[in-house]
Structures are given as C-alpha cells and as structure tokens.
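Scroll down for the structure; my scribbles are underneath it.
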Protein chains: 2
Amino acid sequence: MGHVRRNYGQYCGLAAALDVIGERWTLLIIRELLLGPRRYGELLEALPGIGTNLLAERLKVLHELGVITRPQSRDQGYALTELGHELREPVLSMARWGLNFLDAPTPDVETRAHWGFLAVQAMIDPERATEIDESYEFRVDDVVFHITVTHGKPVALEGPADGEPAVVASTDARTFVEIGAKRLTPFEALASGRLQLTGDTDAIVRSSVLLGLMAPVE
Amino acid sequence: MGHVRRNYGQYCGLAAALDVIGERWTLLIIRELLLGPRRYGELLEALPGIGTNLLAERLKVLHELGVITRPQSRDQGYALTELGHELREPVLSMARWGLNFLDAPTPDVETRAHWGFLAVQAMIDPERATEIDESYEFRVDDVVFHITVTHGKPVALEGPADGEPAVVASTDARTFVEIGAKRLTPFEALASGRLQLTGDTDAIVRSSVLLGLMAPVE
DNA sequence: CTGCATCCGCCTCGATACTG
DNA sequence: CAGTATCGAGGCGGATGCAG
C-alpha cells in the first residue's frame, strides 16, 4: 500500500507533465540542474526555504521517473538525464513569461548571479542572430558565462568565452536581472555605473538586438 | 492584514512565473482558456476534482494579476488577456514534454476530445511546414478543428476548415492522444479502424510530417 | 560534513453543503 | 448557474536527529 502520488488523472500532455514537475519546488530544482550538476547541499543552498525532506523526496521521484540521475560517486552531484534536458525549452519559455512580473527587487528577495545565466538564455532570440560569428562574455558578480554565435546559431555556455569576445559586460546580479525584466535599459545601467561594457559599438548593438533589448537597426 | 500568497521570493523569471501559475490546477485552467473563453461551469466540468472554492480562488487571483478577464456579461465567460495568451508557448512546450509520460490510458483517466486540439498544437513543428498551402481537418469525437498552412506558416483553429481540406482525419479522443504520445502510429490506428483518413496520399504524408509523426521524405 | 529521515504545526487542497 | 462557507485530510516548511 505504498502511497499514490497526487495526480490529475487526465490523458493530456500538459496534465502528464504537471504530474511530474508540477509540484512545489520541482521546476526550481530543474532550473538549478539546467545550469549543471549540483550536489544535495548546493541545491539546498540555492533554494532557500525548501526544507531538506522535501528536497530529498523530489530528487527521489525525479530519479524514479527518469528525469535526473543520482550522484555516481561522492563529490559528483545530481544531473539531468536526456529527458530532463528536454525541459530546457519549457523552462526557458516560462522564465521569459515570468519576467513580466518582476517588479523592483525588495531587500527580502533572493538574487543569485547564476540565475542571470538562465535569464540570458531565456532572452536570446535565435531569429535575431543574423549572420554573425562572434561571442559575448558576461561577468555577473563572480559568475562568468558567454554566448557564442556560430553562423547565426547562438549557444550559451558557462565559463569565459574561447578567444577574444566581441563584447564583455560586467555587472551585478540584480542589475542583470532588472535589465532582463526590461525595468532598466542597458543605457541607464551604463550611465549609473552599474554596468560596464567593453567592445566596439556595433558589436554591442548586435548583442543587444540578440537579447531583445534593442530593436534591430535597418 | 490580508493574506500573503505563498511565494518563492526569488528575483528570477522562472520563480516569478511559478508564483503566478505554479499552484495546483492553475495551468490546467489556462489550458482550457487557451482553447477559447469558458464559463465557470464549463471550467468545473473540464477539470474533474478541482473543487469549486479552489476554482473561484484561482480565477480571482489570475484576474487580479492581469492574466484573465472576468465575464463581461452573463453568458460570456472567462478569457485570457494578452498577457495570458503569451502563456501559449510555455504551455504547449510543457505539453509536448509531458507526452513522454503518457502511458496506456486506464479506464479511470479522463480523456476529452478538445484536449486533442491542444495536442495538435503542441505537435506542430513549423520548421517542417515546407512551402505548402493547404489545410487539414480533424474530427475528434464531436470536436472539429483544423490546421491551415499558408505560405509555410501553420495555424491551428477551432471549427471546420475553410474551403476543401487536403486531408480529413476522423477518430476518437483516446486514439488521437495516443497517436500524439507516439504510442500508436497513424498506420496502426488506420489498420485497426480507429482512425479514418480521406485525402490523397501525398497530402497525408505532408500532414504527418508536419506533426512529427513521420520523417520527412527526401 | 553530506545526505537524508522523522516529527510536528500550519496551510493548501478537495469534497460537500449552502446561498444569491 | 455561479459562486461562498465549512471542515477533514494531506502536502508543505522548519527543526532536529542520525548514519556513512
């Protein structure tokens, strides 16, 4: 008489998805794992308020359902399976929608630099990656990541850019997400000293267009 | 001292989205409204198990947050705002992912014909809409909808196709979703008499390719 | 120290009854 | 028909315990 997980009981793709990742905290766990493998303690730290039992329970279920793998050895971490990685698009598109609701951050809301990496991925509009081959590097607090555009195909990766990036943007996590939420323009952030940019003006424009922060120039 | 809704308190697009549509039943309400305006009673009927108080509460919050509009007059219904309509992509991409988990439908799971409409929208791969101009009509139980491809741009709409559809597919809701979940091929469904197709073979192939049910032919 | 399991108070959920 | 009120059951959140 094991326990039956609460489920919607509808023969429908959305209901089936929500039966798996619809419970509280689950998608935020996926978000963390989309940024790379994470240890139990790292997840706890990245998800303030989750409660250790709940995290353990979620990880167990996600593993049983084939969405994540358990740490193979000490000092490894939980990681997404191929099935789990297929949540990238759903998660990014939800995150993009959620930016509509980000208001001014109050002191009691958490802001983490690596969420900026997610924000960037959500903001990239591949349609706007014109025929360019260059990379843009972002330094948000102590986290570094970059976008590499190859033959018009943009890819976001952790770590510094290979070779010489066309643009380097340095800022703090809060400013970064505020720009993503369009509460702040890059120009305003530059003017107030909260953002530093290096690189030639044309490349800065191209990167801003790619991220939907600027209308394409004819 | 009004009541503070439970929220994640993270300055992140995904967390903000989940604060709005992350609670139980909310995304299923959105799913229904993506198919058109719905009355209170229609929503209750489409969401077995929700409980009337919870539906009322969800509708109230979604309205306050600007995601839906309330019925303007008797015999109208709740409808999505522009912001709400922007949930189409997130919802469809989640539904697509959830198809991975659809197992054989047991007698106790609900299957509704109009969910097939959602499944079709989730399955359409615009990349595969080659330069064709034609429409495909689907008759799932008593629900009729169609895909119209214009200059390679596919659009799914309720109701019968305008003009003469290139393909007409007739089936029941369960078979339809099983095909979407790739538990059943159209060929098998045809052979077992659970699916009827009219239209010429080439058009049937093109529609199957568009829905990702068949590999493109060179 | 990491990775959980157990316990407990509270809040959300789900079902039923009831009202305009 | 379209909700509101009520209440038991269960999921959640926080603290604590404990094994490798």
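Labels below follow one simple rule: chain letters A, B, ... track the order of the sequence lines, proteins then strands, and each chain is numbered from 1. Quick caveat, the model's predicted, so the values are computed rather than measured.
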Response to the item:
Applying side-chain contact (heavy atoms from CB on, under 4.5 Å) to A:K60 and not counting sequence neighbours gives A:E57, A:E64, A:R70

Practice prompt. To the nearest 0.5 angstrom, please state how far the OG atom of B:S93 sits from the CG atom of A:L87.
Written response: 8.5 Å

Discussion item. Suppose we screen for side-chain contact (heavy atoms from CB on, under 4.5 Å). Which residues come up paired with B:R174, at least two apart in sequence or across chains?
Written reply: B:P105, B:T111, B:D172, B:E178, B:R194

Item to complete: Please list, chain by chain and in numerical order, all residues satisfying ring-ring contact (aromatic ring centres under 6.0 Å, His included) with A:Y136, sequence neighbours excluded.
Response: none

Worksheet item: What pairs with B:E45 under salt bridge (charged side-chain N to carboxylate O under 4.0 Å, His left out), at least two apart in sequence or on another chain?
Response: B:R112

Worksheet item: Looking for any heavy atom pair under 4.0 Å, which part of the strands does B:R5 touch: base, sugar-phosphate only, or nothing?
Response: nothing

Worksheet item: Is a side-chain donor-acceptor pair under 3.5 Å present for B:E158 with B:H114?
Response: no

Worksheet item: Given atom CG of B:L44 and atom P of D:dC1, what is their separation to the nearest angstrom?
Response: 11 Å

Response to the item:
Here the salt bridge (charged side-chain N to carboxylate O under 4.0 Å, His left out) pairs for residues 135-147 of chain B, sequence neighbours left out, are B:E137-B:R139

Practice prompt. Would you jot down, in residue-number order, the residues of residues 35-43 of chain B having a non-hydrogen atom under 4.0 Å from DNA chain D?
Written response: B:R39, B:Y40, B:G41

Item to complete: For A:L55 and D:dG13, give me the distance from atom CG to atom P, rounded to whole Å.
Response: 12 Å

Worksheet entry | Gap between atoms CD1 and C1', on A:I29 and C:dG3 respectively (whole Å) | 14 Å

Worksheet item: Please give, in whole Å, the distance from D:dA2 C1' to B:L47 CG?
Response: 15 Å

Worksheet item: What integer distance in Å separates B:Q72:CD from D:dA2:C1'?
Response: 16 Å

Practice prompt. Summarise how protein sits on nucleotides 13-20 of chain C as a single string, 5' to 3': B when a protein heavy atom is under 4.0 Å from the base, S for sugar-phosphate-only contact, - for no contact.
Written response: SBBBB---

Worksheet item: Among pairs that include at least one residue of residues 81-104 of chain A, which meet salt bridge (charged side-chain N to carboxylate O under 4.0 Å, His left out), considering only residues two or more places apart or in two chains?
Response: A:D103-A:R183

Practice prompt. Taking ring-ring contact (aromatic ring centres under 6.0 Å, His included) as the test, write out the residues that go with B:Y40, two or more places apart.
Written response: none

Practice prompt. Output all residues satisfying ring-ring contact (aromatic ring centres under 6.0 Å, His included) with A:F101, sequence neighbours left out; order by chain, then residue number.
Written response: A:W97

Worksheet item: Which of residues 8-18 of chain A sit near DNA chain D, with a heavy atom under 4.0 Å from it?
Response: none

Item to complete: Take atom CG of A:D19 and atom P of D:dG11, then tell me their distance rounded to the nearest Å.
Response: 13 Å

Practice prompt. Check ring-ring contact (aromatic ring centres under 6.0 Å, His included) between A:W115 and all other residues, then give those that pass, not counting sequence neighbours.
Written response: none

Worksheet item: What's the CD-P distance between B:Q76 and D:dG3, to the nearest Å?
Response: 13 Å

